[in-house]
Amino acid sequence: MTEKKTMTYYPGCSSQGSGKHLDESLRAVMPEVGIEMEDIEDWNCCGASIGHIGGGQLPNLTLTGRNLAQARKRGTQDVITGCAACYLNTHGGNEKIKADVKKKAAVNEALAEAGMSYDGDLKVRHACEVLVNDVGVEAIEKRVTNPLKGLKVAGYVGCQTVRPFAGTEAGGDYDAYDDPSFLDDFTKACGAEAVPFKHKTACCGGSVAVMSPDRTLHLMKAIVEEAAKEGADVISTPCPLCQTNVEMYQPLINEKFGTNYNIPVVFYSQLMAVAFGMDAQKDAALQRNTIRSEKLEGMAKKK
């Protein structure tokens with residue numbers, strides 16, 4: 001990629017709390033590879049999880065419609081988000097609005113109460129797809145000034161980032177939903193070693209883990225167990241909920257199964273920030289991880 005491209009950024013709710021380190025590291029690394037991100041003003045929740053449980057389709061679509069109506073005020077530039085659930089809801093909702101005249105009319109009837117409307121003329125994209133298709137892995141590698149040599153990384157994509165849109169034209173055709181390679185490609189571009197990882201698209205339990213962790217600990221255990229078996233120093237993921245669950249519940253996994261796991265779970269963008277030679281805290285936000293990676297922090301530049 002030779003020219004800068006500006007996109008409208010939808011941070012999503014996790015960017016304000018549990019996924020703040022994804023938000024901060026994305027804001028740091030994306031301009032370094034040619035993607036400028038301008039926030040949607042006065043954005044709202046996409047309706048993930050709770051919207052599906054109690055909201056119904058029209059209220060959920062209207063949440064997406066309002067965000068996109070706000071984004072449209074900036075013009076027709078693409079909308080980008082780093083959160084898997086935000087992408088699933090916002091991209092999926094956008095495609096429904098585009099494809100169904102009745103749904104579009106119903107959403108606009110609701111939006112009209114706030115003096116808003118959305119014509120369905122924007123494209124919603126995931127940050128990883130943008131990095132693959134617009135930036136390119138070679139450009140990421142060229143930006144690296146601090147290769148993460150000796151760091152072993154288990155690439156845990158999760159299920160929502162690639163399902164159901166990864167292998168579709170609307171989703172950018174950037175990878176497969178069953179055996180994606182993009183996360184390992186990012187790892188290698190950063191100079192680290194991508195270890196074999198069969199659980200790369202396994203479910204961590206999602207929002208069920210937040211409400212009833214006992215029902216999902218076995219799912220998270222399988223992910224952490226394989227990463228440990230492969231000798232991973234860290235698990236890397238693009239998904240805020242995956243990152244929170246797999247990191248936060250390791251003590252409960254240890255208590256229930258008699259294990260002793262303590263594997264850091266980081267975002268791919270944190271790896272990039274360190275590999276780009278950026279600041280360990282301001283840019284990579286490594287201080288926000290619950291399980292700190294001494295090895296990765298030791299590689300990071302401190303300014």
Side-chain angles (χ1 to χ4, degrees), residues 7-27 37-74 77-98 100 103-104 106-120 122-130 158-161 163-165 171 203-212 237-245 248 267 269 285 288:
M7 297 185 179
T8 304
Y9 179 46
Y10 174 45
C13 299
S14 66
S15 70
Q16 308 300 295
S18 62
K20 196 170 181 65
H21 35 335
L22 172 62
D23 177 69
E24 291 176 344
S25 54
L26 268 182
R27 290 180 188 273
M37 303 192 303
E38 299 178 344
D39 287 28
I40 296 176
E41 293 181 8
D42 191 29
W43 56 266
N44 54 260
C45 174
C46 70
S49 303
I50 192 62
H52 290 296
I53 293 169
Q57 187 179 68
L58 179 57
N60 212 36
L61 277 178
T62 303
L63 289 172
T64 288
R66 184 186 180 280
N67 276 330
L68 294 177
Q70 289 292 97
R72 187 62 178 81
K73 293 177 181 179
R74 290 191 169 276
Q77 61 197 36
D78 292 348
V79 176
I80 183 174
T81 185
C83 172
C86 290
Y87 174 67
L88 190 69
N89 259 29
T90 308
H91 176 70
N94 190 41
E95 294 304 307
K96 289 183 179 75
I97 291 169
K98 288 181 179 181
D100 192 316
K103 287 178 181 175
K104 179 179 174 182
V107 167
N108 277 313
E109 183 179 359
L111 291 177
E113 294 296 316
M116 304 173 73
S117 66
Y118 173 57
D119 289 336
L122 296 180
K123 185 175 183 179
V124 179
R125 306 177 66 185
H126 192 282
C128 290
E129 182 263 310
V130 171
C159 54
Q160 287 190 330
T161 299
R163 297 189 181 104
F165 302 119
C203 180
C204 68
S207 55
V208 176
V210 179
M211 298 180 288
S212 304
T237 186
C239 175
L241 188 53
C242 290
Q243 193 280 329
T244 297
N245 282 348
M248 179 174 67
F267 292 110
S269 47
R288 298 196 184 280

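All residue numbers in this chain count up from 1 along the given sequence.
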Q: Can you see which heavy atom on Pro240 is nearest to which on Leu22, and at what distance?
A: CG-CD2, 3.6 Å
Q) Tell me, do Lys20 and Arg288 make a side-chain contact under 4.5 Å, heavy atoms counted? A) yes
Q.
Strictly below 4.0 Å, N to O, side chains only: are Arg27 and Asp39 in salt-bridge contact?
A. yes
Q: Please determine, by modelled atom types, if Thr8 and Glu38 share a side-chain donor-acceptor pair under 3.5 angstrom.
A: no
Q) Between Asp78 and Lys123, is there a salt bridge with N-O shorter than 4.0 Å? A) no
Q) What heavy-atom pair brings Gly65 and Val107 nearest, and what distance separates the two atoms? A) CA-CG1, 4.2 Å
Q. What's the verdict on side-chain contact (heavy atoms from CB on, under 4.5 Å) for Leu111 and Ser117, showing C-alpha distance, side-chain angles and the deciding distance?
A. CA-CA 6 Å; Leu111 291 177; Ser117 66; 5.5 Å; no
Q: State whether the side chain of Asn245 and the backbone N or O of Gly206 hold a donor-acceptor pair below 3.5 Å, judged by distance alone.
A: yes
Q) Taking all non-hydrogen atoms of both residues, which atom of Glu129 and which atom of Gly171 are closest, and how far apart? A) CG-O, 3.5 Å
Q.
With heavy-atom distances below 4.5 Å as the criterion, would you say the side chains of Leu241 and Val210 are in contact?
A. yes
(Q) Return the CG to CG distance between Asn108 and Asp119, rounded to the nearest 0.5 Å. (A) 7.0 Å
Q: Could you please spell out the steps behind the side-chain contact (heavy atoms from CB on, under 4.5 Å) verdict for Trp43 and Gln70?
A: CA-CA 7 Å; Trp43 56 266; Gln70 289 292 97; over 6 Å; no
(Q) Under a 3.5 Å distance rule, please check whether Lys98 uses its side chain to pair with a backbone N or O of Leu122 as donor and acceptor. (A) yes
Q.
I need the minimum non-hydrogen distance between Leu63 and Gly47, along with the two atoms involved.
A. CD1-CA, 3.7 Å
Q | Thr90 side chain vs Tyr87 backbone, donor-acceptor pair below 3.5 Å | A | no
(Q) To the closest 0.5 Å, what do you measure between NZ (Lys96) and OG1 (Thr64)? (A) 8.5 Å
Q: Could you tell me whether the side chain of Arg66 and the main chain of Met116 form a donor-acceptor pair under 3.5 Å?
A: no
Q: Work out which heavy atom in Val124 is nearest to a heavy atom in Leu68; give both atom names and the distance.
A: CG2-CD2, 3.8 Å
Q.
Apply salt bridge (Lys or Arg N to Asp or Glu O under 4.0 Å) to residues Glu41 and Lys73 and explain how you reach the verdict.
A. CA-CA 9 Å; Glu41 293 181 8; Lys73 293 177 181 179; over 6 Å; no
(Q) Whether the Tyr118 and Asn67 side chains hold a donor-acceptor pair (N or O, under 3.5 Å, no angle test) is what I'd like checked. (A) no
(Q) Under 3.5 Å, is there a donor on one side chain and an acceptor on the other for Tyr10 and Asn44? (A) no
Q) Between Gln243 and His21, is a side-chain contact (heavy atoms from CB on, under 4.5 Å) present by the stated rule, with each step listed? A) CA-CA 10 Å; Gln243 193 280 329; His21 35 335; 3.4 Å; yes
Q: Report the C-alpha distance between Thr161 and Leu88 in whole Å, list the side-chain angles of each, state the deciding distance to 0.1 Å, and finish with yes or no for side-chain contact (heavy atoms from CB on, under 4.5 Å).
A: CA-CA 7 Å; Thr161 299; Leu88 190 69; over 6 Å; no
Q: Starting at NE2 of His126, measure out to SG of Cys83 and round the result to the nearest 0.5 Å.
A: 7.5 Å
Q: Quick one: closest heavy-atom pair of Cys204 and Ala209, and the distance?
A: O-CB, 4.4 Å
